[in-house]
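Here the structure is laid out as structure tokens; the discussion comes afterwards.
Atom set for the values below is all heavy atoms of this structure, side chains included, hydrogens, waters and symmetry mates excluded. Below, read A as the first sequence line, B as the second, and so on, with proteins coming before strands; counting in each chain starts at 1.
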There are 4 protein chains.
Amino acid sequence: MKTKKERILEAAATLFAEHGFDKTAVATICELANVSKGLVYHHFKSKDEILIEIFEKSTSEMNSLGEDENTETPEMTIVDLIENIFFRLENNRQFFQMNLNIMFQPSTKKILERQIKKRATQLFDSVKALFNKTSPKKSGILSYVFISEIDGIALSYLSSFENYKND
Amino acid sequence: MKTKKERILEAAATLFAEHGFDKTAVATICELANVSKGLVYHHFKSKDEILIEIFEKSTSEMNSLGEDENTETPEMTIVDLIENIFFRLENNRQFFQMNLNIMFQPSTKKILERQIKKRATQLFDSVKALFNKTSPKKSGILSYVFISEIDGIALSYLSSFENYKND
Amino acid sequence: MKTKKERILEAAATLFAEHGFDKTAVATICELANVSKGLVYHHFKSKDEILIEIFEKSTSEMNSLGEDENTETPEMTIVDLIENIFFRLENNRQFFQMNLNIMFQPSTKKILERQIKKRATQLFDSVKALFNKTSPKKSGILSYVFISEIDGIALSYLSSFENYKND
Amino acid sequence: MKTKKERILEAAATLFAEHGFDKTAVATICELANVSKGLVYHHFKSKDEILIEIFEKSTSEMNSLGEDENTETPEMTIVDLIENIFFRLENNRQFFQMNLNIMFQPSTKKILERQIKKRATQLFDSVKALFNKTSPKKSGILSYVFISEIDGIALSYLSSFENYKND
DNA sequence: CATGAATGAGGGTTCATTCAT
DNA sequence: TATGAATGAACCCTCATTCAT
């Protein structure tokens with residue numbers, strides 16, 4: 001059975017994704033998680049801290065993304081990685097949606113400043129490690145372009161989904 | 001000299017871009033625009049209406065984008081269009097930033113639902129009109145891919161700018 | 001008729017004197033003053049600011065204390081001053097009580113740090129001005145002792161009153 | 001080694017003196033004393049009880065003040081007593097400070113109503129016993145004046161110390 | 001067109017206290 | 001004794017909106 005702290009985190013993630021961080025009241029999180037307000041502040045110093053913990057959790061999940069990939073050839077690893085991302089994109093839409101929300105909203109961006117930078121660096125480094133094996137000289141620029149492309153695709157995927165879902 | 005209404009709109013746009021819609025108090029808009037609260041509610045029915053007006057204004061500016069393009073050949077028009085977009089991206093970063101903010105934040109997305117859809121349709125139609133001249137059969141899919149690409153590029157441009165600006 | 005702001009100040013002063021600053025809820029002030037919570041925060045930036053304004057008001061009242069005194073001789077002025085203080089002590093017990101409360105409670109003392117110092121300086125200076133006329137060489141030490149004596153008397157007056165009022 | 005209960009009492013006294021009773025959270029006492037919240041409520045029925053116990057402890061310390069005095073002549077005893085008080089005032093400033101805090105703050109005054117009265121009576125009686133030996137007829141009024149004077153001096157000592165300590 | 005006093009609902013946070021372990 | 005998760009009431013404060021002037 002889940003601990004109450006986990007339930008809080010889960011409820012918060014759901015609500016942040018659905019209504020945004022600012023529009024989610026702590027009281028609503030409590031209702032969904034079925035805990036008292038006091039408990040939330042027993043486990044988290046503030047509402048901001050909840051967001052930070054969610055974001056950090058998702059970062060470590062992201063990092064475990066490339067670890068167990070096929071390692072026969074670097075090219076195959078990259079292909080696996082891409083497939084993995086698309087698989088997640090389709091099955092974890094809410095997660096990506098929330099990450100976009102968070103990173104493009106000034107208020108949450110400020111709260112997560114450090115965490116966002118850390119994640120960006122980690123992502124870049126691990127992608128670069130892959131490209132180092134295939135084209136060491138251009139690995140930097142390749143990684144940058146690769147990540148940008150993935151972002152662009154994710155963006156258009158999510159936004160087209162969003163824009164037309166009510167038709 | 002600018003009308004007071006224009007000053008309100010301008011102040012609001014600046015603040016929405018900088019702090020987000022939710023975190024911008026009407027009182028703060030008043031201060032920046034140097035008007036009273038009463039006046040704001042004389043010109044706009046609600047805070048939401050301010051956002052809507054800003055968004056619609058930016059939509060019509062966007063539409064005027066393709067109108068005065070070079071029309072010698074369709075290909076040249078498209079090239080001009082792209083250049084124009086990049087020019088704006090560089091010189092109007094705040095504007096694009098705010099549009100991303102707005103469109104990826106559940107609360108504002110809901111407010112602007114209709115306007116966002118209208119803009120998406122208009123954009124798609126006008127891009128499609130261009131591709132109709134070059135490849136009528138594939139104009140639909142081409143437009144879709146074209147817009148997605150532009151979005152992706154804009155996204156990566158803005159986010160890389162954001163992520164590294166303090167280094 | 002009193003302005004609502006004055007009513008707030010008055011209600012707050014009464015309640016601070018009776019229950020102390022920390023134990024007085026803003027909501028209670030509102031009830032007593034018959035205004036909404038919002039109005040309190042329209043006129044005052046915070047609960048602390050209410051306290052500060054009350055204290056500063058009482059400081060200026062204090063200062064006007066020596067101004068209209070009998071000025072035939074300095075000695076008479078001092079005698080008048082003492083009589084005036086005792087008169088106030090008896091008729092304005094609540095006021096002195098609150099001032100003692102405030103100045104001996106760490107939380108409020110911190111809030112009023114600047115104001116307390118300013119008042120102490122002003123009081124000392126104006127008393128010293130009086131003694132300068134009677135004994136210029138010893139005016140400093142005389143003022144200090146004079147003020148201490150008055151304080152001590154006020155303290156014992158108030159505390160004996162407090163300690164035995166329920167017998 | 002100190003018992004945990006003693007540690008709680010000590011931590012509480014320190015914090016009450018520094019920040020006042022109301023502004024001291026039980027959680028903070030726990031931190032400083034390095035005990036759990038549960039333990040505090042095992043030893044004390046409530047936060048109020050902690051205050052009461054501290055106050056009563058300080059009362060019995062006060063009473064032991066006159067006991068071991070020089071008893072050659074009543075006059076000498078009184079002189080010794082005064083010296084003793086001044087010695088304590090200088091070396092135990094925090095203790096006196098806290099007592100003033102407590103006794104002039106409506107919320108704590110109410111909690112300690114009984115204890116304050118008891119202490120006042122005891123103090124008065126023991127001072128009166130001394131004066132009975134020197135001037136039995138006026139011992140009552142003498143005791144009253146004597147205590148008031150001491151209070152006044154303590155007050156001015158503490159407040160001048162407070163007001164000028166940061167200069 | 002213009003002001004700003006006034007409202008009231010709702011938000012984040014704190015904290016004394018309880019209780020199962 | 002000893003712990004700390006859990007509760008819930010209360011608190012300070014914010015803010016969109018209205019309205020008399």
Taking atom types as modelled and ignoring hydrogens, do the side chains of D:D22 and D:S107 form a donor-acceptor contact shorter than 3.5 angstrom?
yes
Which of the following nucleotides, F:dA6, F:dA10, E:dT7, is nearest to the side chain of A:K4?
F:dA6
Interatomic distance where CD1 belongs to B:I50 and P belongs to F:dC15 [whole Å]:
14 Å
Base, sugar-phosphate, or nothing for B:T24, non-hydrogen atoms under 4.0 angstrom?
sugar-phosphate
Taking only side-chain nitrogens and oxygens of A:Y41, does any of them come within less than 4.0 Å of OP1 or OP2 of E:dT13?
yes
Given that both distances must come in under 3.5 Å, which nucleotide forms a Watson-Crick or G-U wobble pair with E:dA5?
F:dT18
Starting from the 5' end of DNA chain F, give me the residue, A:G38 or B:A27, whose nearest nucleotide shows up first.
A:G38
Whole-Å distance separating the CD atom of D:E49 from the P atom of E:dT18:
12 Å
To the nearest angstrom, the CD1-P distance between B:I111 and F:dA16 comes to 11 Å
Just the rounded figure in Å: distance from P of E:dT7 to CD1 of C:I8.
9 Å
Can you tell me the distance, in whole Å, between the NZ atom of A:K2 and the C1' atom of F:dA5?
20 Å
How far, in whole Å, is F:dT21 from E:dC1 if one measures between their P atoms?
22 Å
5'-most contact on DNA chain F (nearest-nucleotide basis), A:V35 vs B:A25, goes to A:V35
Against the six-membered ring of D:F44, is D:K5 placed for a cation-pi contact (under 6.0 Å from the centre, within 45° of the normal)?
yes
Does B:V40 or C:N34 map to a spot on DNA chain E nearer the 5' end, using the closest nucleotide for each?
B:V40
Counting distance only, does the side-chain N/O of C:T59 pair as donor-acceptor with the main-chain N or O of C:F55 below 3.5 Å?
yes
Establish, yes or no, whether the cationic atom of B:K23 lies under 6.0 Å from the six-membered ring centre of B:F16 and within 45° of the ring axis.
no
Derivation and outcome, salt bridge (Lys or Arg N to Asp or Glu O under 4.0 Å), residues D:E56 and D:K118:
CA-CA 10 Å; D:E56 287 185 336; D:K118 194 177 161 198; 5.3 Å; no
Toward the 5' end of DNA chain E, which comes first, D:D48 or A:K23, by nearest nucleotide?
A:K23
In the structure I gave you, are the side-chain heavy atoms of D:F21 and D:D48 within less than 4.5 Å of one another anywhere?
yes
Rounded to whole Å, how long is the line connecting atom NE2 of D:H19 with atom P of E:dT14?
16 Å
Within the structure, does a side-chain N or O atom of C:K37 lie under 4.0 Å from either OP1 or OP2 of E:dG8?
no
Taking E:dA5, E:dA16, F:dT1 as options, the one with an atom nearest any side-chain atom of D:V26 is E:dA16
Would you kindly give the CD-to-C1' distance between C:E6 and E:dA5, to the nearest whole Å?
15 Å
Given that both distances must come in under 3.5 Å, which nucleotide forms a Watson-Crick or G-U wobble pair with F:dC12?
E:dG11
Is the phosphate of F:dG4 approached by A:H43 (side-chain N or O, under 4.0 Å from OP1 or OP2)?
no
Does a side-chain N or O from A:H42 land closer than 4.0 Å to OP1 or OP2 of F:dA6, or not?
no
Rounded to whole Å, CD1 of B:I29 lies from P of E:dG4 at a distance of 17 Å
Just compare F:dT7, F:dA2, E:dT7 and give me whichever is closest to any side-chain atom of A:L39.
F:dT7
